[in-house]
Amino acid sequence: MLAITNIVVIGGIHSKHSEFVLELLRKALAYVRDHINAEAVVLLGDIGDVDEIQRFLDSSHLRYFVVSENHDEALSIRFREGPIIAFLYNPSYDESLRADFIVSGKGMEPNISNGVPYITCPMLCESPFKMLHMSIAGQDIQVEEVTLKPNEFTGLQDIHVHTQFAYCSENMEINLTVERGKLFGLKNMVFTEHSSHLYFERQELRSNKVFEDISYLRCARNRMQLYKEKVSQVRSDFLKIGLEVDCAFDGSPMLLEEDMEGWDLLIGAVHRLPCTMTKPQSYIIKRFLDIHELFLASGLVKVLAHPFRIFRRNNLSTPKELYKPLARLLAETQVAAEINFHANFPDEEFFRLCLEEGVKLALGSDAHNLFEVGYLLPHVKFLNSLGVDPLNCDFLFSLNHS
Ligand SMILES: [Zn+2]
Ligand SMILES: [Zn+2]
């Protein structure tokens, strides 16, 4: 088998094309980093006016080349022993350009390429926000467009989005988030703030105290009302409101009874276990199942956020013997399983078991940064590899509309 070299080409990244240029680039590069094993990224266009882009590229740890739109320059690269590919912004061809394939930043007339196969790179900054993924194997080049906003998005619901109320928010802001959700053409989006962040001070969450004793909820600082007020102001057919309810160590939802009503959706998450993760695996497995059993049986939450992420967070591999029992438990309690890629890589094997058990799948970006809003492309690819049509309601969790 020939080794495959992956190259990503991104065009149209000038701030004149979109005010969201930096976010689009971050989104694109996040996808390149996590889902395409790219040898290099080639940027076609002028990024000189945005220092931030340069800084961001430098910090992305990706090998990258920039072909500026201001010069009639071409960059010719041979990746391994493969064909020579010329990248240029302006469509021109001269005899000195020796290439087997040409990628240009602007549309190209057939006669200009002088018989050399060519392709024009799409604009990242124009909806539906595309880039090129080139796979090179030997002398063969396959080119695929990667669309950050595929058609399926019109039917998708992002059931997990944070706000500025999260302590882990990087730059979230309610109105800006709604704007981006609409830009990406999602069907719905739900604000689901951490219940523990709304009740407690950041400082109080550093220890396990408030997870150990649920009665602390009564004397909490409590920003719940303020959060509800703020998100209610933007509540609409598009924007739904809810919470990511934390699970206390006794398995009960960290939510006061008076705060249980009035939401479009409550999702639940087990962010901590009532044992240290250095305990023997059999012990951790038991505690994991016990706490999920109690938490899900409460009937409060409709979706379990990022199942098993707790293991990754603690640098442990997920015990696969938990897959079947958790899938069964979700089926019994009719709670959906969330596909979540935020610092997380869901395992297909678990989600296949969920489908077998009749558990619905929910899609969550778990956005903590504005560039992550509408980032459901990994989810769509994941569903495709499970053989599930992203628009098929038989398999996907759906918010009930009034
Ligand atoms: Zn979470
Ligand atoms: Zn979250």
Side-chain angles (χ1 to χ4, degrees), residues 30 156-174 177-178 180-181 186 188-200 202 205-206 208 210-211 223-224 227-228 230-231 239-249 251-255 259 263-274 277 288 291-292 295-296 298 300-316 318 326 330 335-347 350 361-376 378-379 397 399:
L156 299 191
Q157 307 186 322
D158 183 350
I159 55 91
H160 190 163
V161 179
H162 288 281
T163 68
Q164 62 267 34
F165 284 85
Y167 295 131
C168 39
S169 153
E170 292 172 22
N171 60 0
M172 298 302 274
E173 195 281 326
I174 287 170
T177 302
V178 176
R180 279 145 184 84
L186 299 175
N188 289 124
M189 209 165 72
V190 192
F191 280 130
T192 48
E193 201 47 87
H194 295 287
S195 66
S196 62
H197 290 213
L198 295 170
Y199 286 125
F200 299 107
R202 186 192 286 255
L205 295 173
R206 296 229 160 93
N208 283 333
V210 299
F211 283 79
R223 297 183 296 159
M224 187 62 79
Y227 165 73
K228 200 170 195 177
K230 291 285 179 205
V231 290
L239 196 282
K240 302 295 173 188
I241 62 169
L243 294 167
E244 179 177 8
V245 180
D246 282 89
C247 175
F249 284 175
S252 56
M254 290 174 82
L255 193 61
D259 295 326
W263 306 102
D264 298 306
L265 179 68
L266 297 177
I267 68 173
V270 176
H271 289 114
R272 301 182 197 194
L273 286 182
M277 299 299 274
F288 181 96
I291 199 171
H292 279 80
F295 188 46
L296 299 181
S298 68
L300 192 72
V301 300
K302 297 287 169 254
V303 178
L304 179 65
H306 47 71
F308 305 117
R309 193 183 71 186
I310 195 165
F311 291 101
R312 175 173 284 271
R313 278 282 161 97
N314 286 280
N315 295 318
L316 295 171
T318 304
L326 187 62
L330 289 165
V335 173
E338 184 199 37
I339 299 172
N340 179 315
F341 283 91
H342 188 258
N344 191 40
F345 284 94
D347 188 348
F350 169 67
L361 310 185
L363 311 183
S365 65
D366 205 352
H368 287 71
N369 187 306
L370 291 172
F371 90 86
E372 296 171 311
V373 180
Y375 185 48
L376 293 185
H379 306 67
F397 170 82
L399 283 164

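We count ligands from 1, going down the list as the structure has it; atoms in each ligand are counted the same way. Just the heavy atoms: all of them, side chains too, but no hydrogens, waters or symmetry mates, feed the values below. Computed from a predicted model, the values in this text were never measured in an experiment.
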Problem - Angular separation of NE2 (H271) and NE2 (H306) seen from the Zn ion (ligand 1), to 10° - result: 100°

Practice task
For R223 and H197, indicate whether the former's side chain and the latter's backbone hold a donor-acceptor pair under 3.5 Å.
Solution key: yes

Fill in the blank from the handout: Looking at D366, the N, O or S atom sitting nearest the Zn ion (ligand 2) is OD1

Handout entry: Aromatic ring proximity, centroids under 6.0 angstrom, H194 and H162
Key = yes

Exercise for the section: Verify the distance criterion only: is there a donor paired with an acceptor across the side chains of H379 and E338 at less than 3.5 Å? Expected result: no

Practice task
Measure from the Zn ion (ligand 2) to each N, O or S atom of H194 and report whether any distance is below 2.8 Å.
Solution key: no

Handout entry: E244, N/O/S atom nearest the Zn ion (ligand 1)
Key = OE2

Handout entry: H342 backbone or side-chain N/O/S under 2.8 Å from the Zn ion (ligand 2)
Key = no

Practice task
Answer with yes or no after comparing the ring centroid distance for F311 and F288 against a 6.0 Å cut-off, counting only values under it.
Solution key: yes

Problem - Centroid-centroid distance, H342 to H368, less than 6.0 Å - result: yes

